[in-house]
Visitor: 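Pasting a structure below so you can have a look.
Computed over heavy atoms, backbone and side chain alike; hydrogens, waters and symmetry mates excluded. Numbers restart at 1 for each chain; the letters A, B, ... are given by sequence-line order, proteins then strands.
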Protein chains: 2
Amino acid sequence: MKAGTEQTGDNTDHQGRRRLTPAEREKQIVDGAIRFFAEVGFEGQTRELAKRLGITQPLLYRYFPSKDSLIERVYLEVFVKRWQPGWDVLIVDRSRSLHDRLTQFYREYTRAIFNYEWVRIFMFAGLKGVNINERYLGIVREKLLRPVCTELREMAGLPSPEVVPLTEEELELAWDLHGGMYYMGIRQWIYHLSVPDDLDGHIDRVVGTFLRGAPETLREHFPSLAPNAPSSSGAN
Amino acid sequence: MKAGTEQTGDNTDHQGRRRLTPAEREKQIVDGAIRFFAEVGFEGQTRELAKRLGITQPLLYRYFPSKDSLIERVYLEVFVKRWQPGWDVLIVDRSRSLHDRLTQFYREYTRAIFNYEWVRIFMFAGLKGVNINERYLGIVREKLLRPVCTELREMAGLPSPEVVPLTEEELELAWDLHGGMYYMGIRQWIYHLSVPDDLDGHIDRVVGTFLRGAPETLREHFPSLAPNAPSSSGAN
DNA sequence: TCCATAGTTAATCAAACGATAAATAACTTG
DNA sequence: CAAGTTATTTATCGTTTGATTAACTATGGA
């Protein structure tokens, strides 16, 4: 096994030492880091990352002063600008049925974030206790769940939240809808289970099931506020 | 700062070197390891674990030949015997309403597994790619979701799975119910968000919403099999 | 053709980390 | 209480890992 010429590294042709502009190289490192950390978690080693990128470890430190700063950059890249402004208006557009709106929203939403990198990095961040999750889920609550609850009030013929503030119980019902959807991503990218191949049809059925049941649940939850409310408890 | 007597360790009185029976010590180590790994993940260091246990690091290696074997033991302890046999029969007990059964099941189920250790270790295992998750979720699918789908068929007045096999789409609907529930655990123990304080009431509402909507969804999904089926598409 | 600089090679440091061997002290037994 | 067993500690080894440095190489724009 003793070769006359010492084996040079081995990866990526030695001559292929392409010289990228700093901007290109930085992007390449960040993209590679996203994929790498999504796979192995943030304890992944800089040497291994460099190897996968086909560059040397010291070069990483030419672009990022520390591993932590690189991780910070990964967070930024993955989570920023992931909530599309159009979604805000979509949810509250009463010219369309709530079923239509929610179906379209979740089709776009799942397409936007149901991918290996997003789901896993978000979970790693949560387990690590980074504040990013709470911030992001705060957006989900305010821009999605709260509006959905408002629409459900309307659908159920109940007073608007401006008259009777939303309760935690209502928000929890909306969280349940959202959680059922997101759990698909977890099943797929963390538990390695199969998920619906007809995603659009599935979303349609889930939203349909929810919207068929939720208004009645809400009326039960606000017996005194329901339209033509039975004064006390009404049997099924 | 130079003390005459070298400071001895610092934790748990040096003289407190209690000598436990091997069984006691082993249990103490396993319990501590569960809590420790649930918090920091399996990359947590044996020195830190020992410190928290108030013992020295080499002692760990008297009870477990390697860190991996300790982790293996943690898996065993956390996941074994977590599916209670009574649940199997509860789900299919047609002397009670499906609403009752599912409500009781999820009350017991969440009480059994919605805790810091279970939720986090299960997630860490999933991210690490251990086979344990697939095995456990296989049980969930066969012992919970499939039976639930069978009961939904009955409820919707559709043929039993023995006549018309369950479709993936139906199972996905059941996964959605389950996922919505489990997402509560994730929100609480991984994302550090608040969850319903009235858990029983919440479960009741979620199950109610689901059962109110699912039968109709199923009938839509099997238009030709539905009782008094409208031959083609029926408008809402 | 020149030369600024992207990138490599190689070596190394200090701290962290899994694991081991030898020494020590707590408990048991006769 | 003496003797033996073994739970636990002390000290340490070998490796990994984030981070740094110095010297060298070669790409590609002016």
Visitor: Just N and O in the side chain of A/Y63: are any of them under 4.0 Å from OP1 or OP2 of C/dA6?
Guide: no

Visitor: Across the strands shown, which category fits A/P65 at heavy-atom distances under 4.0 angstrom: base, sugar-phosphate, nothing?
Guide: sugar-phosphate

Visitor: When you check the phosphate oxygens OP1 and OP2 of D/dT8, does a side-chain N or O of B/T56 lie under 4.0 Å from one of them?
Guide: no

Visitor: Which comes earlier along DNA chain C counting from the 5' end, the contact point of B/G44 or that of B/L20, where each point is its nearest nucleotide?
Guide: B/G44

Visitor: To the nearest Å, give me how far apart CD (A/Q57) and C1' (C/dT12) are.
Guide: 12 Å

Visitor: Are A/F37 and A/F42 an aromatic pair by the rule of ring centers under 6.0 Å?
Guide: yes

Visitor: Compute the centroid of each ring, for B/F79 and then for B/W118, and state whether the two points are separated by less than 6.0 Å.
Guide: yes

Visitor: Roughly, in whole Å, what's the span from OH in A/Y61 to C1' in C/dC13?
Guide: 14 Å

Visitor: How would you label the contact of A/S66 with the nucleic acid (heavy atoms, under 4.0 Å): base, sugar-phosphate, or nothing?
Guide: sugar-phosphate

Visitor: Can you find a donor-acceptor N/O pair under 3.5 angstrom joining the side chain of A/R47 to the base of D/dG18?
Guide: yes

Visitor: Could you go over nucleotides 2-5 of chain C and give all protein N or O partners under 3.5 Å, atom names and distances?
Guide:
{"residue": "C/dT5", "atom": "O2", "partner": "A/R19", "partner atom": "NH1", "Å": "3.0"}
{"residue": "C/dT5", "atom": "O2", "partner": "A/R19", "partner atom": "NH2", "Å": "2.9"}

Visitor: If I take atom CD in residue A/E43 and atom C1' in nucleotide C/dA15, what distance separates them, rounded to the nearest angstrom?
Guide: 17 Å

Visitor: Mind checking the CZ-CD spacing from B/R141 to B/E134? Nearest 0.5 Å is all I need.
Guide: 10.0 Å

Visitor: Closer to the 5' end of DNA chain C via nearest nucleotide, is it B/T46 or A/T21?
Guide: A/T21

Visitor: Which atom pairs link the protein and nucleotides 28-30 of chain C when you take only N or O atoms and keep those under 3.5 Å?
Guide:
none

Visitor: Taking NZ from A/K67 and P from C/dA16, how many angstroms apart are they, rounded to a whole number?
Guide: 14 Å

Visitor: When the ring centroid of A/H178 is compared with that of A/Y109, is the distance short of 6.0 Å?
Guide: yes

Visitor: Between C/dA6 atom P and A/L60 atom CG, what is the distance in whole Å?
Guide: 15 Å

Visitor: I'd like to check B/L177 versus B/V206 (side-chain heavy atoms, cut-off strictly below 4.5 Å). Are they in contact?
Guide: yes

Visitor: May I ask you to check whether B/Y183 and B/W175 place their ring centers less than 6.0 Å from one another?
Guide: no

Visitor: Under 4.0 Å between a side-chain nitrogen and a carboxylate oxygen: does that hold for B/R35 and B/E39?
Guide: no

Visitor: Does B/F122 have its ring centroid less than 6.0 Å away from the ring centroid of B/Y75?
Guide: no

Visitor: Can you check the B/I55 CD1 to D/dT6 C1' distance for me, whole Å?
Guide: 15 Å

Visitor: Quick one, A/M184 and A/P196 - any side-chain contact, counting heavy atoms below 4.5 Å?
Guide: yes

Visitor: Rounded to whole angstroms, how far apart are CZ on B/R25 and P on C/dC27?
Guide: 11 Å

Visitor: Could you tell me if the ring centre of B/Y106 sits under 6.0 Å from that of B/F114?
Guide: no

Visitor: Just how far, in rounded Å, is P of C/dG18 from CD of B/E48?
Guide: 11 Å

